[in-house]
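Along the sequence shown, residues are numbered consecutively beginning with 1. From a predicted model like this one, the values you see are computed outputs, not experimental measurements.
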Amino acid sequence: MIGGCNKTPGGQVVAVMNNQEITRLELQSEAQQENLPANLDPRVISPMLLQRIIDRNIMADLAREQGLDRSPQYVTRRRQLEQSLLAELALRKLTGDMKDPSPAEVKAYIDNNPILFANREHLKLDIVHFSKPLSRQKILELTALPSIDQVDQRLRQENAGARRLTTVLDTGTIDTGVAKQIAALTPGTIFDLSAGGMTFIGTVVARENASVPPNLWPKIAANSIINERALKTVGTTLSELRSRAKITYAPAYRPPNTN
């Protein structure tokens with residue numbers, strides 16, 4: 001029993017801190033989270049990552065000594081992190097066995113989506129984005145205005161937290177259906193788009209060809225097909241699970257289109 005209380009590094013254990021083992025698996029996980037380049041010398045990077053783990057554990061022990069592990073903030077955050085990790089593992093399992101598409105599927109995808117390949121473009125946009133959520137009806141009213149200048153002016157008058165800027169949109173990096181619709185717009189046409197949790201209203205002011213070499217098309221197409229299959233699988237699974245789950249909302253927090 002005395003020997004069991006004095007742990008020492010060895011085998012899978014790379015360090016022991018206050019009798020707490022730190023393993024190679026923890027070290028590998030730390031490196032994976034950092035997305036470190038594969039060519040880094042592990043003899044250099046491993047000690048640095050290990051010291052980070054040790055320092056984090058030391059601070060965690062201090063938090064426990066101060067009773068912070070019993071605070072409402074900790075309990076809530078721990079539950080959130082645990083659920084996020086489990087959800088990530090579930091997603092990996094759902095999408096981990098996606099089969100490679102056949103050559104015929106790849107060719108058909110390339111033929112049906114030139115906006116990702118031969119017709120891929122960089123679109124320079126003049127946009128107004130806003131942090132305050134607007135109703136769909138309000139967005140439709142704004143996109144019906146004759147110019148982006150008037151959209152900007154209207155949102156500023158209404159103090160909607162709007163900000164105007166220019167940006168570049170790569171048609172190969174967004175949903176193909178959306179990319180086709182935007183690329184087909186005539187100059188000056190106002191449109192709206194939601195991406196990354198933000199909605200903006202804009203217009204295309206310039207275009208630049210951004211086609212990739214044809215030898216890369218099959219790989220890009222195959223990855224796109226797999227990603228679309230994964231999204232469909234996840235979406236279908238979520239819909240089925242939601243339909244079986246018993247969910248009750250407080251009235252003020254009920255999402256739209258829910259019973």
Side-chain angles (χ1 to χ4, degrees), residues 35 80 84 87-88 91 95 109-214 216-217 219-232 234-235 238-239 252-258:
N35 292 319
Q80 183 185 48
S84 295
E88 180 184 346
L91 286 172
T95 61
Y109 190 87
I110 293 172
D111 292 341
N112 293 331
N113 297 283
I115 196 71
L116 301 179
F117 306 101
N119 296 345
R120 185 168 177 170
E121 292 182 306
H122 285 162
L123 304 177
K124 185 178 180 181
L125 307 179
D126 184 358
I127 70 170
V128 178
H129 75 75
F130 37 92
S131 54
K132 294 182 180 180
L134 300 179
S135 68
R136 186 60 192 163
Q137 181 59 39
K138 182 63 178 178
I139 291 174
L140 290 175
E141 291 175 7
L142 291 169
T143 54
L145 293 173
S147 72
I148 195 67
D149 290 333
Q150 293 188 35
V151 172
D152 185 26
Q153 183 179 8
R154 176 77 63 84
L155 286 170
R156 291 182 186 277
Q157 289 173 346
E158 297 177 358
N159 193 27
R163 188 162 67 95
R164 188 171 179 177
L165 54 88
T166 58
T167 187
V168 175
L169 178 68
D170 185 338
T171 61
T173 62
I174 61 174
D175 177 80
T176 53
V178 174
K180 290 175 183 177
Q181 291 179 23
I182 296 176
L185 295 175
T186 57
T189 302
I190 309 298
F191 67 93
D192 68 279
L193 180 64
S194 294
M198 183 188 308
T199 298
F200 65 82
I201 295 174
T203 185
V204 178
V205 295
R207 300 169 181 269
E208 182 181 74
N209 182 274
S211 60
V212 294
L216 299 179
W217 294 359
K219 183 176 181 180
I220 294 173
N223 288 338
S224 297
I225 293 171
I226 291 172
N227 288 338
E228 289 181 6
R229 287 176 179 172
L231 287 173
K232 183 177 181 180
V234 172
L238 273 174
S239 296
Y253 295 90
R254 184 184 301 280
N257 304 319
T258 58

_Check this for me: does any side-chain nitrogen of one of Lys138 and Asp192 sit under 4.0 Å from a carboxylate oxygen of the other?_
no
*Can you find a heavy atom in the side chain of Glu88 that is under 4.5 Å from one in the side chain of Leu91?*
no
*If we only count heavy atoms from C-beta on, is the Phe191 to Thr143 side-chain gap below 4.5 Å?*
no
*Sidechain-backbone polar pair: Thr171 side chain, Ile115 backbone, donor-acceptor under 3.5 Å*: yes
*Spacing of CD1 belonging to Ile174 relative to CG belonging to Leu169, to within rounding of 0.5 Å*: 4.5 Å
*Just how far is it from atom CD of Gln181 to atom OG1 of Thr176, taken to the nearest 0.5 Å?*
10.0 Å
_Nearest atoms (heavy-atom pairs only) where Leu165 meets Thr167_ = CD1-CB, 4.0 Å
_Please find the pair of heavy atoms, one from Ala118 and one from Asn209, that lie closest to each other, and give the distance._
O-ND2, 3.8 Å
*Quick one: do Leu116 and Ile220 satisfy side-chain contact (heavy atoms from CB on, under 4.5 Å)? Show the steps, please.*
CA-CA 9 Å; Leu116 301 179; Ile220 294 173; 5.5 Å; no
*Return yes if some donor-acceptor pair links the side-chain N/O of Asp152 with the main-chain N/O of Ile148 below 3.5 Å, else return no.*
no
*Can you name the ring pair (Phe, Tyr, Trp, His ring centres under 6.0 Å) partners of Tyr109, sequence neighbours left out?*
none
*Leu193 side chain near Val178 side chain, heavy-atom distance below 4.5 Å*: yes
*Shortest non-hydrogen contact from Arg120 to Gly172?*
NE-CA, 3.6 Å
*Rounded to the nearest 0.5 Å, how far does CZ of Arg163 lie from CZ of Arg156?*
10.0 Å
*Which heavy atom in Ile190 sits nearest to a heavy atom in Leu145, and how many Å separate them?*
CG1-O, 3.7 Å
*Taking all non-hydrogen atoms of both residues into account, name the closest pair between Thr203 and Thr189 and its distance.*
OG1-O, 3.1 Å
*asked:* Nearest 0.5 Å, please: how far is NE2 in His122 from CZ in Arg207?
replied: 13.5 Å
_With rounding to the nearest 0.5 angstrom, report the CD1 to CZ distance, Ile127 to Phe200._
5.0 Å
*State the CD1-CD distance between Ile139 and Gln137, to the nearest 0.5 angstrom.*
10.5 Å
*Is there a side-chain contact between Leu125 and Val204, using heavy atoms and a 4.5 Å cut-off?*
yes
_Residue list, salt bridge (Lys or Arg N to Asp or Glu O under 4.0 Å) with Arg154, at least two apart or on another chain_ = none
*asked:* Going by the rule side chain to side chain contact (heavy atoms under 4.5 Å, CB included), which residues pair with Asp149 if we only count those two or more places apart in sequence or in a different chain?
replied: Ser147, Arg164
*Measure across Gly177 and Asp175 and return the closest heavy-atom pair with its distance rounded to 0.1 Å.*
N-OD2, 3.0 Å
*With the side chain counted from C-beta on, respond yes when Thr166 and Val205 share a heavy-atom pair under 4.5 Å apart, and no when they do not.*
no
